[in-house]
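This is a predicted model, so every value here is computed, not measured.
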Amino acid sequence: ESVEAIPRMVELQRLAASELGCAFWSAFSVMEGGFPLWMAQEPTLTWVDLVHLSEEGRELVGLAMTDAILLAYDQWVTDLELSRQQLSEG
């Protein structure tokens, strides 16, 4: 039952973050195909309970989160530079 509730919980978290002006990143979005597909990988990316990630799964999610943070930071720097350039021209 709890696995089926995850997409709804993620959506509610996304909405709450948006309403509060917060950044949002979902580990669940990394898991395309869901837990059963991750279980089928070799080595498996989840434990047999299909809920908790294995060491390999945690590493994959951690790397994806790192990539997302760095990408967002790079975009922020670009936006800041453009804003400063527009102010100095304006």
Side-chain angles (χ1 to χ4, degrees):
E1 292 178 21
S2 62
V3 172
E4 292 83 20
I6 292 174
R8 179 71 178 138
M9 290 178 359
V10 170
E11 184 57 29
L12 291 172
Q13 292 169 343
R14 182 185 321 277
L15 288 171
S18 177
E19 287 178 13
L20 295 170
C22 297
F24 178 80
W25 182 84
S26 170
F28 194 68
S29 68
V30 175
M31 303 173 76
E32 295 175 14
F35 291 107
L37 183 62
W38 275 43
M39 185 67 177
Q41 301 296 314
E42 190 57 45
T44 181
L45 301 174
T46 65
W47 291 104
V48 293
D49 64 4
L50 299 179
V51 175
H52 297 94
L53 298 175
S54 66
E55 182 177 343
E56 293 84 1
R58 290 189 305 268
E59 183 175 345
L60 187 68
V61 169
L63 290 171
M65 184 177 194
T66 301
D67 288 346
I69 290 169
L70 293 174
L71 183 64
Y73 176 77
D74 288 344
Q75 185 61 54
W76 176 79
V77 168
T78 299
D79 292 347
L80 182 62
E81 290 171 352
L82 286 173
S83 294
R84 287 180 175 166
Q85 183 180 10
Q86 289 172 349
L87 285 173
S88 67
E89 293 173 356

*Charged N to carboxylate O below 4.0 Å: is that the case for R84 and E81?*
no

*Could you pull out the closest heavy-atom pair between I6 and F28, with the gap in Å?*
CG2-CD1, 3.5 Å

*Find the distance between CG (D79) and CG (D74) and round it off to the nearest 0.5 Å.*
11.0 Å

_Atom pair CZ/NE2 of R58 and H52 - distance to nearest 0.5 Å_ = 10.0 Å

_Please tell me whether L80 and V77 are part of a single hydrophobic cluster in this structure, the criterion being side-chain heavy atoms less than 4.5 Å apart._
yes

*asked:* Once side chain to side chain contact (heavy atoms under 4.5 Å, CB included) is applied, do any residues pair with Q86, and if so which ones, sequence neighbours excluded?
replied: none

*asked:* Using side-chain heavy atoms (C-beta onward) and a distance below 4.5 Å, is E56 in contact with E59?
replied: no

*Please report the closest heavy-atom contact between W25 and V30, naming both atoms and the distance.*
CZ2-CG2, 3.4 Å

*So which heavy atom on A17 is nearest to which on A23, and how close?*
CB-O, 4.0 Å

_Please find the pair of heavy atoms, one from F24 and one from V10, that lie closest to each other, and give the distance._
CZ-O, 3.7 Å

*Can you hop from L63 to I69 via hydrophobic side chains spaced under 4.5 Å?*
no

*Look up atom CD in Q13 and atom SG in C22, then write down how far apart they are to the nearest 0.5 Å.*
12.0 Å

*Is the backbone of R14 close enough, under 3.5 Å, to the side chain of S18 for a donor and an acceptor to pair up by distance?*
no

